[in-house]
There are 2 protein chains.
Amino acid sequence: MSDLLERLRGRGWRLTSQRRVVAEVLDDGEHVHLTADEVHARAAERLPEISRATVYNTLGELVTLGEVTEVSTDGRAKRYDPNAHHPHQHLVCTGCGTIRDVHPTGSPLTDLPADQRFGFTVTDAAVTYWGLCPACAS
Amino acid sequence: MSDLLERLRGRGWRLTSQRRVVAEVLDDGEHVHLTADEVHARAAERLPEISRATVYNTLGELVTLGEVTEVSTDGRAKRYDPNAHHPHQHLVCTGCGTIRDVHPTGSPLTDLPADQRFGFTVTDAAVTYWGLCPACAS
DNA sequence: TTCTTGACTTGGATTGCGTCCATCGTAGGA
DNA sequence: TCCTACGATGGACGCAATCCAAGTCAAGAA
């Protein structure tokens, strides 16, 4: 994660305590995909005065820089995936909304023939798998 | 679409003018994927007093019955896809948000090995392709 | 070290999308 | 035709996210 902070500094980021804390929170919970509010709650444990607006701003900047991926599954709150540098797909629980990273075989982008692209310049493809997690299934 | 109305009646639906109009709107614009607000606007052209709550209720019921599919691409408003009986995926313009139905080769569900399911009972998979439509690319 | 400045943060207001609820209306069976 | 339970209404509400004007501060300059 210090890598991340270095990369950000290299891009001309002013390194404030708020931004540092948000980056640390994303790093700490690398296995989970936090909502903006969850990021804010965890950041506030270390920096009580941090505002939600700043968390939103910082997350948005990290997404723009490609350091973090935004995952919006259904109509719920967006979740933020710090695992942006390793391509993967998502498995979402229809019960509780938690997300797992998965690695399916095959690559979806190549599965779209030219005659199915309708003149679009297709740049990305995402596969979302839906199901019930063990906890919600019981 | 009269098919749809028949099916709904067969399921014990009370056939009100509001529900009929919502169904007609979805049928009319079969090529597009309308937001709830767009459905409401078009329905209101024929039935000015129809309320947004009724449109939301009716759309929700149609989704529950499997007659319509809910498509939530990014953080924007959900869109409703009347083409629920023909499996397909979606190609979304990152510029304007419009959606096209596409038919990729291969089937995503079979692409997730058992050791990548983490105890989930996986029931569905959706592929979303992202790109710029011809209008937004120019 | 202190100064300076513009980028960053703040929090309260606001927007967008969707749901809830008490009340009224009406489709369709008796 | 009448009854009544199911559906419609619309205004209040909730949640996620954004906006904005004012205050704060990181980091380069001197």
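In what follows, every heavy atom counts, from backbone to side chain, and hydrogens, waters and symmetry copies are set aside. Quick note on labels: first sequence line is chain A, next is B, and so on, each numbered from 1.
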Rounding to a whole Å, what distance do you find between [X]:[atom1] and [N]:[atom2]?
X        : N       : atom1 : atom2 : value
Leu15(B) : dG29(C) : CG    : C1'   : 15 Å
Tyr56(A) : dA16(D) : OH    : P     : 7 Å
Leu34(A) : dA16(D) : CG    : P     : 14 Å
Arg76(B) : dG18(C) : CZ    : C1'   : 18 Å
Trp13(B) : dG28(C) : CH2   : C1'   : 16 Å
Leu62(A) : dC8(C)  : CG    : P     : 12 Å

Using a heavy-atom cut-off of under 4.0 Å over every strand shown, decide if [X] touches base, sugar-phosphate, or nothing.
X        : answer
Arg19(A) : sugar-phosphate
Ala77(A) : sugar-phosphate
Thr54(B) : base

Q.
I'd like to know if the side chain of Gln89(A) reaches the main chain of Val127(A), judged simply by a donor and an acceptor atom lying under 3.5 Å from each other, with no hydrogens or angles considered.
A. yes
Counting side-chain heavy atoms from C-beta on, which of [options] comes nearest to [X]?
X        : options                   : result
Ser51(A) : dG11(C), dA17(D), dT9(D)  : dG11(C)
Asn57(B) : dG11(C), dT26(C), dT9(D)  : dT9(D)
Arg52(B) : dC19(D), dT19(C), dA17(D) : dT19(C)
Ala36(B) : dC8(C), dG18(C), dT10(C)  : dG18(C)

(Q) If we count only N and O atoms by modelled type, under 3.5 Å, do the side chains of Asp81(B) and His88(B) hold a donor and an acceptor together? (A)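 Distance-only check passes for Asp81(B) and His88(B).
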Q: Check whether the side chains of Asp37(B) and His40(B) place a donor and an acceptor atom closer than 3.5 Å, and report yes or no.
A: no
